[in-house]
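These notes are about the structure you will find just below.
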Amino acid sequence: MPSNDVRTLLQAAVPTAAAGAVAVAVSAGVAGGEGALGAGVATIVVILFMGIGLLVLQRTARSLPHLFQAMGLMLYTAQLLLLFIFVAAFKNTTMFNPKAFAITLVAMTLVWIGAQTRAHMKAKILYVEPESDKAEKPKNTGSKS
């Protein structure tokens with residue numbers, strides 16, 4: 001994996017994990033242990049879903065650049081649908097607090113998207129290939145007057 005990809009992944013995952021730790025603490029204070037567990041599960045789900053999505057999108061960009069934009073739109077739509085399905089599946093669970101889970105899931109998704117956007121905006125990615133030093137320079141064929 002190229003270093004730019006790793007850097008983008010870390011710059012999105014670290015703020016999400018930090019915000020998730022805050023969400024776990026707040027949920028523990030508000031809803032007790034079940035709230036903390038729900039917030040922790042939601043943070044892990046967001047980091048996994050969004051991290052895997054970012055890796056798939058970066059691999060697509062390298063191998064099939066003409067499909068990059070369509071793949072990105074499809075991927076984000078699929079991620080949001082999967083997150084909604086996850087919330088619906090655990091709506092009536094007794095394992096953890098579903099309200100803390102749902103709120104943390106939405107909040108961590110927003111944190112991830114914001115951090116990924118910031119990482120992309122700050123990345124210095126060349127969009128024009130620089131000329132090589134070894135490239136042959138054109139010879140001057142005009143006459144000097």
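Keep in mind that the numbers below use all heavy atoms, side chains included, and drop hydrogens, waters and symmetry copies.
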Problem set entry | Within-4.5 Å side-chain heavy-atom neighbours: His120 and Thr8 | no
For this session: Answer with yes or no whether the hydrophobic clustering places Met71 together with Leu54; edges join I, L, V, M, F, W, Y residues whose side-chain heavy atoms lie under 4.5 Å apart.
Result: no
Review item, side-chain donor-acceptor pairs of residues 80-96, under 3.5 Å, at least two apart:
from	atom 1	to	atom 2	distance (Å)
Thr93	OG1	Met95	N	3.1

Seminar exercise, completed: Here the ring pair (Phe, Tyr, Trp, His ring centres under 6.0 Å) pairs for residues 12-44, sequence neighbours left out, are none
For residues 103-110, run the donor-acceptor check on the side chains, cut-off 3.5 Å, and write out each pair with its distance to 0.1 Å, sequence neighbours left out.
from	atom 1	to	atom 2	distance (Å)
Thr104	OG1	Ala100	O	2.7
Thr109	OG1	Leu105	O	2.7

For this session: Establish whether Met74 and Ile113 are linked, either directly or via other cluster members, by ILVMFWY side-chain heavy-atom contacts under 4.5 Å.
Result: no
Would you list the atom pairs, donor with acceptor, under 3.5 Å between side chains in residues 24-52 and any protein atom, with sequence neighbours excluded?
from	atom 1	to	atom 2	distance (Å)
Ser27	OG	Ala23	O	2.9
Thr43	OG1	Ala39	O	2.9

Problem set entry | Pairs involving residues 20-41, ordered by first then second residue, that meet ring pair (Phe, Tyr, Trp, His ring centres under 6.0 Å) (sequence neighbours left out) | none
Problem set entry | For Thr77 against Leu73, the heavy-atom pair lying closest together | OG1-O, 2.8 Å
Exercise. Could you give all pairs that pass the ring pair (Phe, Tyr, Trp, His ring centres under 6.0 Å) test and reach residues 60-79, with sequence neighbours left out?
Worked result: none
Exercise. Out of curiosity, Lys122 NZ to Thr117 OG1, how far, rounded to the nearest 0.5 Å?
Worked result: 13.5 Å
Problem set entry | Exercise: identify the closest heavy-atom pair between Ala12 and Pro15 | O-CD, 3.6 Å
